[in-house]
There are 2 protein chains.
Amino acid sequence: MKRPTIADIAREAGVSKGAVSYALNGRPGVSPATRERILEVAGRLNFHADSNARALAGAKARVVGLTLQRPPSTLGVEPFFMELISGLELELSRQSYALLLQMASGRDEELAFYRRWFAEGRVDGVLVCDVRTGDPRVAALEELGVPAIVIGPPDASGGLPCVWSDDAQSMVEAVEYLAALGHRRIARVGGIAEFAHTAIRTAAFTEVAARLGLTETTTIPADYSGESGARATRRLLSTPDRPTAIIYDNDIMAVAGLTVAHELGISVPGQLSIIAWDDSPVCRLLHPPLTALTRDIGAYGVRAAHLLLAAIAGEPVASTHGAPAHLSPRGSTARLQPTTA
Amino acid sequence: MKRPTIADIAREAGVSKGAVSYALNGRPGVSPATRERILEVAGRLNFHADSNARALAGAKARVVGLTLQRPPSTLGVEPFFMELISGLELELSRQSYALLLQMASGRDEELAFYRRWFAEGRVDGVLVCDVRTGDPRVAALEELGVPAIVIGPPDASGGLPCVWSDDAQSMVEAVEYLAALGHRRIARVGGIAEFAHTAIRTAAFTEVAARLGLTETTTIPADYSGESGARATRRLLSTPDRPTAIIYDNDIMAVAGLTVAHELGISVPGQLSIIAWDDSPVCRLLHPPLTALTRDIGAYGVRAAHLLLAAIAGEPVASTHGAPAHLSPRGSTARLQPTTA
DNA sequence: CTGAAAGCGCTTACAG
DNA sequence: CTGAAAGCGCTTACAG
């Protein structure tokens, strides 16, 4: 009842171990008849090649690694990572790859895991999330010369291929939409300022606002948590010339913002319009449902996995852009009421 | 610049490869002085033992596996799994174990992954979530005789050790609390009926209601999605003798329920009290904030990982109970107003 | 306490 | 097209 090995199959099929290996891996070197016999025996014995032996003998480990910052608060809330992982695995499974997932408490620890994984021969490649400009992980992975894909904007990806979409374009769409509804005082509650995509959104926000002649725009930095979103919203809504529209860099801060508005007796969307960046089921469940910037995060995952597997296979790999987040207008945004302006 | 091997260390330290292995693994067989010299060299060369070679030679792979149902909708929303994984890894990392995560589309596929992982020597043990009564995965893992821990109630764990808490006790606490507030018509929107813990909650709900003389209790089965929660809530609130309190089996359905109540002009908590089972940041952000049954999910993870590693080490392992979910009263529950009763 | 050797289960040149 | 053999980097009895 021990696990069958290629030696068992070779004996059973009356061939050498080498022939079994060639047959199982779809390589030339065995006649069609022999190959079929070998595959039949392997199937009958329910054979699965030992992954460790395979990797040790020079084949791939068939594992890729992903590290995430351990949730101070928001990781569990935002659907981003679960959707991303779901997409990643869709593609990885297709090629019999597995995903090693590791929570880390900081970038240094993430980097240490990456180094160790490669040193131990555990992974064939890795994915990098939440990149910052000048991210040390990018530089280190480039230097190691290992297969790695960045899930983030090209600006911070150095020489590594990346998968991302044009956040600037989505930001422009959101601001122009609000402006078309008559809003002139538009504020933004941003994500963690060090993340490269946050900087891109901030720049785009400032730029489009200037182009549209909106002078009273503010971005308040926050950290994706509900508390930070609530605090920023209170600050914004307590100013004399308070904004009539706020764009939030994630859904949880937008939910918090909606509640703060209720708390202050400011009606949404009557006196305040709200947009959440990254849609989630919760956005649709609230009253009013939140207008959101929606994107197919799972598709990023599929694409990132695809690129990584190509890189591991030694194929040339180029960064790709996914479809940008698009506006899903719902009840939380409306034409500015002249009386309250 | 190749990765250093124990042969390199042996040469550098002037000892045999065997001695290096013993020294690195903290085994007897080398003198303290030799051991120290070996460790010094290993550290200097930044040595990390090849994981595949180690596993192939009979040591542990130092990997455990976890499969989750691919998110039809709710996986990304509920913080449960991210918190669980976070807890798991806290303990796994302490012992230099890694986590293999795999999304599956059903129990059959989950089971196939488990089988393959063991056949390929990829994992030393696995964790099982979302168990049903008579779950085939439990029976299969028992038959395989591999280290496995169930994260779920003992009723469905068969001979496998499990980590869970007393859901019945928490249900009793919630219902008694509502009864103490004067509620007599209490309803419940349940989770997926096939899950073992759902059955336990349903039984406890029925039992405590009977004990308290509450005759008009209903449980409507749902699937954790916001849509199903909204639908169930509409049904409940459209009956002539509508409930004055509803307990939801997850937070997302509770959010949906709150919105439906608003939509129907039923005030919360004035005319309807709401309790969510499993707390989340969103619960605290709503208006009113949701009363919830709170538990330390990360602690489950730590405990489950601890048990699994013990089982892998060949130690005897017994199921353990974590602290039950406790009531966190917030704004969504209140004394029943006599006028609206 | 230490060294030399076998073996884990594969893959891959290398001869036939 | 096929077989016999070396080797991947460890661990672990087994002699000294």
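Reminder, nothing fancy here: chain letters follow the sequence lines and each chain counts from 1.
No option in A:Val64, A:Val63, A:Leu100 other than A:Leu100 meets the side chain to side chain contact (heavy atoms under 4.5 Å, CB included) test with A:Arg122. The one candidate from A:Leu307, A:Val150, A:Val302 that meets the side chain to side chain contact (heavy atoms under 4.5 Å, CB included) condition with A:Val163 is A:Leu307.
To the nearest angstrom, C1' of C:dC8 lies 10 Å from NZ of A:Lys17. Rounded to whole Å, atom P of D:dG9 lies 14 Å from atom CG of B:Leu45. If you measure from atom CG of A:Leu24 to atom C1' of C:dT12, you get 15 Å, rounded to the nearest angstrom. The distance between atom CD of B:Glu36 and atom P of C:dC1, rounded to the nearest whole Å, is 15 Å. Look at CD1 on A:Ile6: it is 15 Å from C1' on D:dT2, rounded to the nearest Å. Whole-Å rounding puts the B:Asn25 CG to D:dT12 P distance at 7 Å. Between B:Arg35 atom CZ and C:dC1 atom C1' the separation is 11 Å, expressed in whole Å.
The backbone N or O of B:Thr5 sits less than 3.5 Å from a side-chain atom of B:Asp8, completing a donor-acceptor pair. Side-chain atoms of B:Tyr114 come within 3.5 Å of backbone atoms of B:Leu127 as a donor-acceptor pair (strictly under, hydrogens ignored).
Nearer the 5' end of DNA chain C, as judged by each residue's closest nucleotide, is the contact made by B:Val30, out of A:Ala19 and B:Val30.
Checking the phosphate oxygens (OP1, OP2) of D:dT12, no side-chain nitrogen or oxygen of B:Ser21 falls inside 4.0 Å. Regarding contacts with the backbone of D:dT2, a side-chain N or O of A:Thr34 is found under 4.0 angstrom from either OP1 or OP2. One finds no side-chain N or O of A:Thr5 lying less than 4.0 angstrom from the OP1 or OP2 phosphate oxygen of C:dG9.
Within the structure, salt bridge (charged side-chain N to carboxylate O under 4.0 Å, His left out) contacts touching residues 38-54 of chain A (residues at least two apart or in different chains) are A:Arg3-A:Asp50, A:Glu12-A:Arg44, A:Glu40-A:Arg44. Annotation: salt bridge (charged side-chain N to carboxylate O under 4.0 Å, His left out) contacts involving residues 106-115 of chain B, sequence neighbours excluded, comprise B:Glu110-B:Arg137.
Across all non-hydrogen atoms, the minimal contact from B:Gly65 to B:Trp117 is CA-CZ3, 3.4 Å. Residues A:Ile312 and A:Pro147 come closest through the heavy atom pair CG1-CB, 3.7 Å.
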Between the protein and nucleotides 13-15 of chain C, which nitrogen or oxygen pairs come in under 3.5 angstrom?
{"unit_1": "C:dA13", "atom_1": "N7", "unit_2": "A:Tyr22", "atom_2": "OH", "d": "3.1"}
{"unit_1": "C:dA13", "atom_1": "N6", "unit_2": "A:Tyr22", "atom_2": "OH", "d": "3.1"}

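For the contact set between residues 46-61 of chain B and DNA chain C, defined by any heavy atom under 4.0 Å, the members are B:Leu56, B:Ala57.
The ring of A:Trp164 has its center no closer than 6.0 angstrom to the ring center of A:His321.
For the side-chain contact (heavy atoms from CB on, under 4.5 Å) test, residues two or more places apart in sequence or in another chain that qualify with A:Ala299 are A:Asp296.
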Item checked: Pair pattern of DNA chain C in dot-bracket, where unpaired bases get dots and | marks partners in another strand, Watson-Crick or G-U under 3.5 angstrom -> |||.||||||||.|||
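Residue B:His306 qualifies as open at atom NE2: its count of foreign heavy atoms under 6.0 Å is 12 or below.
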